[in-house]
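These notes concern the structure reproduced below.
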2 protein chains.
Amino acid sequence: MRPAMPSDSDTATLAETFRLLGDPTRLRILFFCLEAPRSVGDIAESLQLSQSLVSHHLRLLRGARLVRGNRLAKQIFYELSDRHVSGMLADMAHHVNEEN
Amino acid sequence: MRPAMPSDSDTATLAETFRLLGDPTRLRILFFCLEAPRSVGDIAESLQLSQSLVSHHLRLLRGARLVRGNRLAKQIFYELSDRHVSGMLADMAHHVNEEN
DNA sequence: AAAACATATGAATATGTATTTATATGTTTG
DNA sequence: CAAACATATAAATACATATTCATATGTTTT
């Protein structure tokens, strides 16, 4: 039996994850951190975003445990913390542009 | 080489898809139509939503080609039209609840 | 301990969007 | 062709949220 419909509660949980992935700025941050752990400053500079904006988005991603930060000296390096989401993002990026 | 970061344009496209998946009501509709093609009325009744609301959401999903409708007599049956998204949704539903 | 640095937080604002209510469109059956 | 039916659209509203600007927190150097 392949398609078992998730409960409303599980669906809500998933929707919350997708909602967070659904903002272009956040998604850019995630893809950038998918390649390697990145400091907040690096993210801001590389993606041409204000430090504040990056920090705000990271907070949301942290709150959903999509991302985790490790301090190294002065900087905090963020990386993706959910394997399924990481894999799914890589897969989606790989298949984008395919006409169904 | 596994992780190739998508272009900003592709990232925006993906974000738009995720944004649409990021609403609980829409996601419930999608999971319901993932099991089998469903008429608008069936969706509304089964998920306890107004016909108007269902129609509005279906319009957005149609606009992004995530869903496609086929008319059969009086009713229009909607089904998912993107294989990758369908597979990804099934996979996500399967792995939800796992503590990474 | 003070200064410098990197990151986080708060308030304000502007824009987006989900839902409802009312009505329209279009297909089908009598 | 008219009546009935299923779906779609429009306008209004209430709420969420992305971004900016200003400032705070906390860690690390000197």
Side-chain angles (χ1 to χ4, degrees), chain A residues 8 11-33 36-81, chain B residues 8 11-33 36-81:
Chain A
D8 285 5
T11 303
T13 302
L14 280 176
E16 171 64 12
T17 297
F18 288 133
R19 189 182 64 81
L20 288 166
L21 305 180
D23 177 81
T25 301
R26 259 190 315 261
L27 199 55
R28 289 213 298 148
I29 293 174
L30 284 172
F31 276 119
F32 188 61
C33 296
R38 311 281 195 181
S39 74
V40 177
D42 189 8
I43 298 170
E45 183 175 292
S46 298
L47 303 185
Q48 299 266 65
L49 304 168
S50 77
Q51 179 268 318
S52 174
L53 183 55
V54 172
S55 208
H56 277 294
H57 282 305
L58 286 173
R59 174 141 91 130
L60 295 174
L61 296 170
R62 236 188 299 126
R65 304 197 176 280
L66 290 176
V67 114
R68 146 190 61 200
N70 297 310
R71 173 150 236 142
L72 272 180
K74 293 185 183 175
Q75 295 159 332
I76 300 180
F77 289 80
Y78 281 92
E79 63 187 330
L80 296 235
S81 63
Chain B
D8 284 6
T11 303
T13 302
L14 279 176
E16 171 64 11
T17 296
F18 287 133
R19 191 182 63 79
L20 288 166
L21 304 180
D23 177 80
T25 301
R26 257 187 320 257
L27 199 55
R28 290 212 299 148
I29 292 174
L30 284 171
F31 276 119
F32 188 60
C33 295
R38 310 281 195 182
S39 74
V40 178
D42 189 8
I43 298 170
E45 184 176 292
S46 297
L47 304 184
Q48 299 266 64
L49 304 167
S50 77
Q51 178 268 316
S52 174
L53 182 56
V54 172
S55 208
H56 276 296
H57 282 306
L58 286 173
R59 174 140 92 130
L60 295 175
L61 296 170
R62 236 187 300 127
R65 304 198 175 280
L66 290 176
V67 113
R68 147 189 61 199
N70 297 311
R71 173 151 235 142
L72 271 181
K74 292 185 183 173
Q75 294 160 332
I76 300 180
F77 290 80
Y78 281 91
E79 63 188 330
L80 297 236
S81 63

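Reminder, nothing fancy here: chain letters follow the sequence lines and each chain counts from 1.
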- Message: Taking the side chain as everything from C-beta on, heavy atoms only, tell me whether B:P24 gets closer than 4.5 Å to B:R28.
- Response: no
- Rounded to 10°, the helix from C:dA1-D:dT30 to C:dG30-D:dC1 deviates from straight, judged by its five-pair end axes, by 30°
- Taken to the nearest whole Å, CG/A:D42 to P/C:dC5 is 18 Å
- Query: Which pairs count as salt bridge (Lys or Arg N to Asp or Glu O under 4.0 Å) when at least one residue sits in residues 54-75 of chain B, sequence neighbours excluded?
  - Reply: B:R68-B:E79
- Message: To the nearest 0.5 Å, what is the distance between CG on B:L61 and CG on B:L21?
- Response: 8.0 Å
- Quick one: what's the B/S/- string for nucleotides 25-30 of chain D, heavy-atom cutoff under 4.0 Å, read 5' to 3'? --SSS-
- Message: Suppose we screen for side-chain contact (heavy atoms from CB on, under 4.5 Å). Which residues come up paired with A:A12, at least two apart in sequence or across chains?
- Response: none
- Query: For residues 18-27 of chain B, which residues have at least one heavy atom under 4.0 Å from DNA chain C?
  - Reply: B:R19, B:D23, B:T25, B:R26
- Query: Does any pair with a residue in residues 13-27 of chain B pass salt bridge (Lys or Arg N to Asp or Glu O under 4.0 Å), and if so which ones, sequence neighbours excluded?
  - Reply: B:E16-B:R19
Below 3.5 Å, can you tabulate the donor-acceptor pairs from side chains in residues 38-45 of chain A to any protein atom, sequence neighbours excluded?
| from | atom 1 | to | atom 2 | distance (Å) |
| --- | --- | --- | --- | --- |
| A:R38 | NE | A:F32 | O | 3.0 |
| A:R38 | NH2 | A:E35 | OE1 | 3.0 |
| A:S39 | OG | A:D42 | N | 3.1 |
| A:D42 | OD1 | A:S46 | OG | 2.8 |

- Note on the structure: note: A:N70, atom CG; C:dT7, atom C1'; distance rounded to Å ~ 15 Å
- Just how far, in rounded Å, is C1' of C:dT17 from CD of B:E16? 12 Å
- Message: What's B:Y78 touching, base or sugar-phosphate or nothing? Going by heavy atoms closer than 4.0 Å.
- Response: sugar-phosphate
- Task: Tell me which residues in residues 44-52 of chain A put a heavy atom below 4.0 Å from DNA chain D, sorted by number, or none.
- Result: A:S52
- To the nearest angstrom, the CG-P distance between B:L53 and D:dA10 comes to 17 Å
- Rounded to the nearest Å, what distance is computed from the CD atom of residue B:Q75 to the P atom of nucleotide D:dT7? 5 Å
- Task: With rounding to the nearest 0.5 Å, note down the distance linking CG in A:L14 to CZ in B:F31.
- Result: 5.5 Å
- Query: How far does CD of A:Q48 sit from CG of A:L53, to the nearest 0.5 angstrom?
  - Reply: 12.5 Å
- Message: Taking only side-chain N and O atoms of B:H57, does any of them lie within less than 4.0 angstrom of OP1 or OP2 on C:dT17?
- Response: no
- To the nearest 0.5 Å, how far apart are OG in A:S55 and CG in A:L49? 12.0 Å
Grab the N/O contacts between the protein and nucleotides 11-14 of chain C below 3.5 Å, and write none if there aren't any.
none

- Note on the structure: Atom CZ of A:R28 and atom C1' of D:dT19 are separated, to the nearest Å, by 14 Å
- Note on the structure: What one should report as the nearest heavy-atom pair of B:V67 and B:S81 is N-OG, 3.3 Å
- Message: To the nearest 0.5 Å, what is the distance between CG on B:D8 and OG1 on A:T25?
- Response: 9.5 Å
- Exercise: identify the closest heavy-atom pair between A:I29 and A:H57: CD1-CB, 3.9 Å
- Message: Under 4.0 Å, heavy atom to any atom of DNA chain D: which of residues 58-66 of chain A qualify?
- Response: A:L60
- Task: To the nearest 0.5 angstrom, please state how far the CG atom of A:L66 sits from the CG atom of A:L80.
- Result: 8.0 Å
